[in-house]
Q: 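Structure in structure tokens, see below.
Residue numbers run from 1 in the order of the sequence given.
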Amino acid sequence: MMKHIAYAALLALTLTVASCGNGPRKELNKLLLELADADQTIDGNDWQKIAHFLDRNKAHFKEFYDHGQIDVDDVEDYISDFFEHRRPSKHIAFQGIGAKQPTFHIYVERSGSMAPYDSKDGDGSFRAAIMALQNNLPGTATIDSVGEKGYTNFQQIFDQILNRTNEDQVSILVTDLIYSVKDMQGVNPQRVFSEIEGMTNAVFKSEVKNKSMLVVRMMGSYNGPYYSYDNSVKPFAGRRPYYIIIVASNTNMVRLTHDATLRTFADMERMRGYDNMCLMTANDIYKPYYSLLLSNRDVRGRFRPERGQDTQIRSLTGVEPDRNSGDIQLALAVDLSHLLIDQRYLTDVSNYEVKADDDVRIKEIRKIEKADMTPAEKKYLGTATHIFVLQAASIGHGQEVEIKLLNRMPQWIGAASTDNDLTPDANTTFGLKYLLGGIYDSYNRNADDHYYFELELELDR
């Protein structure tokens, strides 16, 4: 504690010295602006550049070293204070700082039902997706086959990718997610669903608190034999769903979209064959940028920002209804980029919960347009991508407003599931809602928070 108090005093001095002509410190500050002024984020790649600069200039930055090693906390404090003392001030997010680049392991299920996705008579989309996964990763990813040709032991597979994936690893499974046992002939579907429930309860326990799982539904050409739940075989030619499952620590799951070296890999919605996705996590892992706007075409009523706020307005006073419409509308700018959540889910107002003393609701979520980027509002927009239009009849007294993106199992999982696959089709996966529903329930039971992120505002009349 005393060290950081002393460091704060030193920081004030160094910032002053920098303004008076300290060459190396000016170079450092210039580097910080290049790396973080636009996206307000220092990721693992940015950190490597900062660490390399400091290493070459150790003699000028002794205060950042402790026994020859960079003191990460002190450098973070310097960066934060540097941007907070600028005009306009900015809040910097740190992602993957001081941590090693994670290693990646791709597992491709090798059951008989997976081979037709890679048929020579297909459109090549399945192979293209696998290659994209591999090519978009920094460094070399390990690729292995997993499972048996005749059946799929998902208990063993999920145990491997969940419980044996350590803090520095990201595991990726490519599978059709069709649950099967060693001898399926004559098996009642209800028995299969019961086994699925037992498997998810056995594998997905307390470890889900520390790791997140992303399920990406893909569509690819399928040309070959299809194995139904009773082991009967039918030819099928057409499009069929398959799934890419990514398991990582909560920190690395966030890092996938915030680290510039990983963003191309993590941009799932741009992959050929992408259909939908679902992020399962037991924590509110995202902290998006957000700020109220003071003037916008969607704003109605009168208000003023509380004093002491700079580029992020989150507290308003003197909130009164519009004289013409008789209600209040506020424009809240939010950054919905770099989230492993489907855009359709993110912009559906029914997926949000608003808690306030008065009846505050989300009227609309829309993308930011050129007309929103006025000179007066630009500093409040920051990295925001969307505007949440908030509506209320009135604000009766000072109150907190909490807006949460709920962590729900999306409707597409139920719609894409079937209890009977004796006649295979282009849309459904046998037992999907039981398998993914069981995994979701395990996360839900262990969840500290049942939402992906929370936005907090203060409104007073």
Q: Hey, does the side chain of S417 reach the backbone of G414 with a donor-acceptor pair shorter than 3.5 angstrom?
A: no
Q: Take atom CZ in R127; do more than 12 heavy atoms of anything else shown fall under 6.0 Å from it?
A: no
Q: I'd like to know whether the aromatic ring centres of Y179 and F430 sit less than 6.0 Å apart in this structure.
A: no
Q: Indicate whether any N or O donor in one side chain lies under 3.5 Å from an N or O acceptor in the other, for D460 and Q399.
A: no
Q: Below 6.0 angstrom between ring centroids: does that apply to Y352 and F388?
A: yes
Q: Can you name the closest pair of heavy atoms from F83 and L32 and give their distance?
A: CZ-O, 3.4 Å
Q: Among side-chain atoms of D335 and S337, is any donor-acceptor pair under 3.5 angstrom?
A: yes
Q: Check the surroundings of atom CD in E306: do more than 12 heavy atoms from other residues, nucleotides or ligands lie under 6.0 Å from it?
A: yes
Q: Between N210 and N250, does any side-chain donor sit less than 3.5 Å from a side-chain acceptor?
A: no
Q: Just checking Q411: does its CD atom have more than 12 heavy atoms from other residues, nucleotides or ligands closer to it than 6.0 angstrom?
A: no
Q: Side chains of Q312 and S291 only: does a donor on one sit below 3.5 Å from an acceptor on the other?
A: no
Q: Please list all pairs passing the ring-ring contact (aromatic ring centres under 6.0 Å, His included) test where one or both residues lie in residues 432-461, with sequence neighbours left out.
A: F193-Y434
Q: Between N136 and T264, is there a side-chain donor-acceptor contact under 3.5 Å, judged purely by atom types and distance?
A: no
Q: Tell me if the CZ atom of R263 is crowded by more than 12 foreign heavy atoms within 6.0 Å.
A: yes
Q: Should the pair R239 and Y222 be classed as cation-pi, given the thresholds of under 6.0 Å to the six-membered ring centre and 45° from the axis?
A: no
Q: Is the closest side-chain donor-acceptor distance between T41 and D43 under 3.5 Å?
A: no
Q: Looking just at side-chain N and O atoms, do T418 and N420 make a donor-acceptor pair shorter than 3.5 Å?
A: no
Q: Rounded at 0.5 Å granularity, tell me how far OH in Y290 sits from CG in L332.
A: 8.0 Å
Q: Verify the distance criterion only: is there a donor paired with an acceptor across the side chains of Y274 and D342 at less than 3.5 Å?
A: yes
